[in-house]
Amino acid sequence: MRKYLFIFKSEVMSNLQYITNISISFIGIFLMLYIFLNLWKFIYSDPNELINGYSYNQMIWYVIFTEVIWSVVGGRKMCAKISEDVKAGNIAYNINKPYSYIGYCLSTNLGLCAVRAMLYIVLGLLIGLLFLHSFPSISILEAIAVFISFVFAIVISILMLTSIGLLSFFIEDSGPLYWMYSKFILVLGTIFPIEFFPMWARGILKYSPLNAVNYGPATLYVNFSWNSFILVIISQIVYLFIIYMICKLIYMKGVKRLNVNGG
Amino acid sequence: MPIIEVKKLSKTFKVKIKEKGIKGSIKSIFKPKYKTIKAVKGISFEVEKGEMIAFIGPNGAGKSTTIKMMTGILYPDAGSIKVIDYNPVKQRKQLAYNIGTVFGQKEQLWTHLTPYDNFKFFGAIYDIPNSRVEKKIEELKELFELGEFINTPVRNLSLGQRIRCEIVASLIHEPKVLFLDEPTIGLDPVVKENIRSLIKRMNKEYKTTIFLTSHDVGDIEKLCKRVIIINNGTIVLDDTMENLKYHYLNKKIVDAKMREKVNLEDEEGITILKDKGYNLKIEVDTRKRSVADAIKLLNPDNIVDINISNIPLEDIISNIYKKEDKK
């Protein structure tokens, strides 16, 4: 475990050098959120109105929360990096080290996400405060519980993206798969909560990984209850295990097909 | 007892082939065609503990594939490998704790961190207690003269400094075998020499077995006592450097500047390489003719200046490659 903590620490140290670059992406996140805030303002003609069980304030905090998760993970680059490592054979230089490659990916990407999270959480809170002039009513203990769920969401997302990236062992380019995954996650759960979909779809979506990677933790933040927390955390632990096993299986099968020609 | 044992090792790659043009691209979607490339064809060799061995060959000969199989990166199709009593296929992780690798063309260090932080990182991934890592860093810092730049981010180091740090990073866990894949590539002659002497010192101080691949004859000549030449996936020569030179250096090059024109023709043991009237370059096969005979043919009184030299090792090795290619 010490080695993975060290990999995490090294990645944090390394990314702190890029803090200005990371901060520049504030502009993109701000613009994105500004568009959504206005969109929802238009939909909610009356701020006290409830749409599918969400007040205007809850809806805005929901979108801010899921957008922060989305930006912290920054899936496209993460997936492309793993995919490129597999295709170009760079993965070979990680295989001959005494650590698990999946553990290495998880630690490095968590290191990167940790630096982004420090900045984006503050940014998200400031944007929310600027537009809504208040925070969701949540105690410190509940905030800690939400944060735990947030971390689980990030870990599960990283494992999902690692699995997609590792599929490059079998297909020429995992980019199209990532494209489908990202659009699925963006529409189902990031922009719109599950309650906005037809009844028949809600049942499926509630038991899908969406509950673990965005919808679950975001609803906890806007409408916290300990019962929901337990359900979300159980679903996150189950999905963490399932996705880790899938990721490991893809890696184990894929690494035997590794083709590294030349020096 | 050998520290590395390779027996009848083979590896084949399956590579997709595509006919030219857009038609070929569409065809390859529906009916993909593959060809198999036999990268390594049943090679066997052994390396003794503490040996510094050169494993050389032209591009595409199978060197890197062999190293990658020996370090557990690639799975062999057939044959067996034992490195320090470990089977790289089944005990990759255990083996990783006991070997070090330096790939001259690939950075292993974290470029945004300093060499010191990198060494601490490598210490942690090899599960070495912190106090031991500190001691080792101090020791290697002295040996590899890193004092001046140990706290400078790797991205700001020169290539020579970076390679020194790469080697140190691969030694933090005191590996028994070190695989050096073109460690001096891209370096200037002074830095090359410096790296070579450091590798020599490291081999002497820690008795580390060194398995070196390089296209630089200087690396091979100055570091290794034994050389294995691989070409087209098979071993074409496995001999000591001394024997290689003895068997192949029986040819001398005589470069002479003459007072008057000499009309010489090829004869047994003597080959005219260049004849520009007053300047002659001849090759003497000392198994058939002595150098003195060649000088007599030129007439010593007619010689203004003369230079007798061995055939460069580089030419010997490329001749071996060419000979094998013709087969």
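So that the names make sense, note that chain A is the first sequence line, chain B the second, and so on, each numbered from 1.
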Quick check: closest heavy atoms across A/Tyr93 and B/Lys68, and the distance to 0.1 Å?
OH-NZ, 4.2 Å

State the CG-NZ distance between B/Leu74 and A/Lys256, to the nearest 0.5 angstrom.
13.5 Å

Restricting to non-hydrogen atoms, name the atom on B/Arg92 and the atom on A/Tyr99 that form the minimum distance, rounded to 0.1 Å.
NH2-O, 4.2 Å

Considering all heavy atoms of both residues, which atom of B/Thr101 and which atom of A/Lys97 are nearest to each other, and what is their separation?
OG1-NZ, 4.1 Å

A/Phe170, CZ atom: more than 12 neighbouring heavy atoms under 6.0 Å
yes

Please classify the contact of A/Ile7 with chain B as side chain, backbone, both or neither, using a heavy-atom distance under 4.5 Å.
both

Can you tell if the side chain of A/Phe6 reaches within under 4.5 Å of the side chain of B/Ile125, non-hydrogen atoms only?
no

Ranking A/Ser14, A/Ser100, A/Pro98, A/Ser10 by heavy-atom pairs under 4.5 Å to chain B gives rank one to A/Pro98

Please classify the contact between B/Ile185 and chain A as side chain, backbone, both or neither, with a heavy-atom cut-off of under 4.5 Å.
neither

Does a sphere of radius 6.0 Å around CG in A/Leu31 hold more than 12 heavy atoms from other residues, nucleotides or ligands, not counting ones at 6.0 Å or beyond?
yes

Engaged part of A/Ser107 at the chain B interface, taking heavy atoms whose separation is under 4.5 Å
neither

Within residues 112-129 of chain B or reaching into it, pairs that qualify as salt bridge (charged side-chain N to carboxylate O under 4.0 Å, His left out) - sequence neighbours excluded
A/Lys3-B/Asp127, B/Lys120-B/Glu134

Which answer fits B/Tyr75, side chain, backbone, both or neither, if we ask what part of it has an atom under 4.5 Å from a heavy atom of chain A?
side chain

Any idea how B/Trp110 and A/Tyr104 line up, ring-wise: parallel (<30°), tilted (30 to 60°), or perpendicular (>60°)?
perpendicular

Enclosure of B/Tyr34 OH (heavy-atom neighbours >12, cutoff 6.0 Å)
yes

Verify the neighbour count for atom CZ of B/Arg155: are there more than 12 heavy atoms of other residues, nucleotides or ligands below 6.0 Å?
yes

Is it true that, when you exclude B/Lys41 itself, more than 12 heavy atoms of the residues, nucleotides or ligands shown sit nearer than 6.0 Å to its NZ?
yes

Which one of B/Gln108, B/Lys106, B/His173, B/Gln94 has the most heavy-atom pairs closer than 4.5 Å to chain A?
B/Lys106

Would you say the side-chain atoms of A/Asn96 and B/Thr71 include a donor-acceptor pair closer than 3.5 Å?
no

Can you name the residues of residues 79-91 of chain B that have some heavy atom under 4.5 Å away from a heavy atom in chain A?
none

Counting only heavy atoms not in A/Leu130, do more than 12 fall under 6.0 Å of its CG?
yes

